[in-house]
Amino acid sequence: MIEIQEILYDEPAIQAKVKELAAQIARDYAGKDLVLICILKGAVMFMADLMRRIPFPVTIDFIRVSSYGMSTTAAREIGVKKDIEIDVRGRHVLLVDTIIDTGETLALLFKRFPEKGPASLEAVVLLDKKPRRTAEVRVKYRGFEIPDLFVVGYGVDCAEQYRNLPYVAAIKTDT
Ligand code: IMP
Ligand code: MG
């Protein structure tokens, strides 16, 4: 069992922010062929809420990135475990993730996607753990900036649990 230390963002706070991000995205991509790419598994809830607030037809797909080794160190190997299945050539791609930490995951996708020939490539994240960034990555839309805390909920896990919490909470780590 883990101990919830503090609820950082409750459901109303998250939904208000999602609404705000969706409004920016809707404005920027109006009249464009938008493809939302959900980065599994953590972005599943954010994606579901965000896409519902975009008032024009969008296409969605999923990608799964695996990372081996310690998530807290730079000694980590990241690879694409399940790639997208649709053709994004000439279309506007928006990568959707709930949390960006070191930035290595998104950096890999920014490196890999251009070969698929999208018309544009951007990212949206709900939570930005900026103090831990090691990779330079362009995040056009961001929700909340958070300090270096380990968080769970709203899709984000600790050992594959707590993804179903409807809020984002910081947990106690005994390190
Ligand atoms: P990055 O490649 O370091 O930016 O890591 C991004 C991924 O690390 C996220 O999609 C999460 O799966 C995981 N992650 C980063 N910070 C946390 C956290 O505080 N709690 C749980 N998972 C996290
Ligand atoms: Mg995880």
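Ligands are counted one by one from 1 in listed order, and the atoms in each one are counted from 1 as well. Any value given below was found using the heavy atoms of this structure, including those in side chains, with hydrogens, waters and symmetry copies removed.
- Under the 4.5 Å side-chain contact rule for hydrophobic residues, Ile4 and Val151 do not share a cluster.
- Following chains of ILVMFWY side-chain contacts shorter than 4.5 Å, one cannot reach Val58 starting from Leu95, and the two form parts of different hydrophobic clusters.
- For the side chain to side chain contact (heavy atoms under 4.5 Å, CB included) criterion with Asp83, the lone passing option out of Asp61, Val65, Ile63 is Ile63.
- Polar contact check, Ile100 against ligand 1: no nitrogen or oxygen pair lies under 3.5 Å apart.
- Applying the 4.0 Å criterion to heavy atoms of Val156 picks out, from ligand 1, the atoms 20 (N), 21 (C), 22 (N).
- The closest non-hydrogen atom to atom 4 (O) of ligand 1, taken over Gly155, Gly103, Gly153, comes from Gly103.
- A salt bridge links Glu160 and Arg163; the closest N-O separation between the charged side-chain nitrogens and carboxylate oxygens is under 4.0 Å.
- In the vicinity of Asp101, heavy-atom distances shorter than 4.0 Å reach the ligand 1 atoms 1 (P), 3 (O), 4 (O), 5 (O), 15 (C), 16 (N).
- Taking each of Leu127, Ile39, Asp97 in turn, the one with a heavy atom nearest to atom 10 (O) of ligand 1 proves to be Asp97.
- Residues Leu106 and Tyr154 do not share a hydrophobic cluster, defined by chaining ILVMFWY side chains whose heavy atoms lie under 4.5 Å apart.
- Remark: distances from the non-hydrogen atoms of Arg76 to ligand 1 include one below 4.0 Å.
- Counting heavy atoms under 4.0 Å from ligand 1, residue Leu149 touches it through the backbone alone.
- With hydrogens and angles disregarded, no donor-acceptor distance shorter than 3.5 Å links the side chain of Arg53 to the backbone of Asp49.
- Looking at Asp157, its N, O or S atom nearest to the Mg ion (ligand 2) turns out to be OD1.
- Residue contacts with ligand 1 for Lys129 involve side-chain atoms from C-beta outward but no N, CA, C or O (heavy atoms, distance under 4.0 Å).
- Using a 4.0 Å cutoff on heavy atoms, Gly42 does not count as a contact of ligand 1.
- Counting atoms of ligand 1 from 1 in the listed order, those under 4.0 Å from a heavy atom of Val151 are 18 (C), 19 (O), 20 (N), 21 (C).
- Heavy-atom proximity to Asp157, at under 4.0 Å, picks out these atoms of ligand 1: 21 (C), 22 (N).
- Geometrically, Lys17 does not engage Tyr9 in a cation-pi contact, judged by NZ or CZ lying under 6.0 Å from the ring centre and within 45° of the ring axis.
- Linking Ile, Leu, Val, Met, Phe, Trp and Tyr residues whenever their side-chain heavy atoms come within less than 4.5 Å places Val44 and Val156 in a single cluster.
- Val18 and Tyr29 end up in the same hydrophobic cluster when Ile, Leu, Val, Met, Phe, Trp and Tyr side chains are linked at under 4.5 Å.
- Of all the atoms in ligand 1, the ones that sit under 4.0 Å from a non-hydrogen atom of Thr105 are 1 (P), 2 (O), 5 (O), 6 (C).
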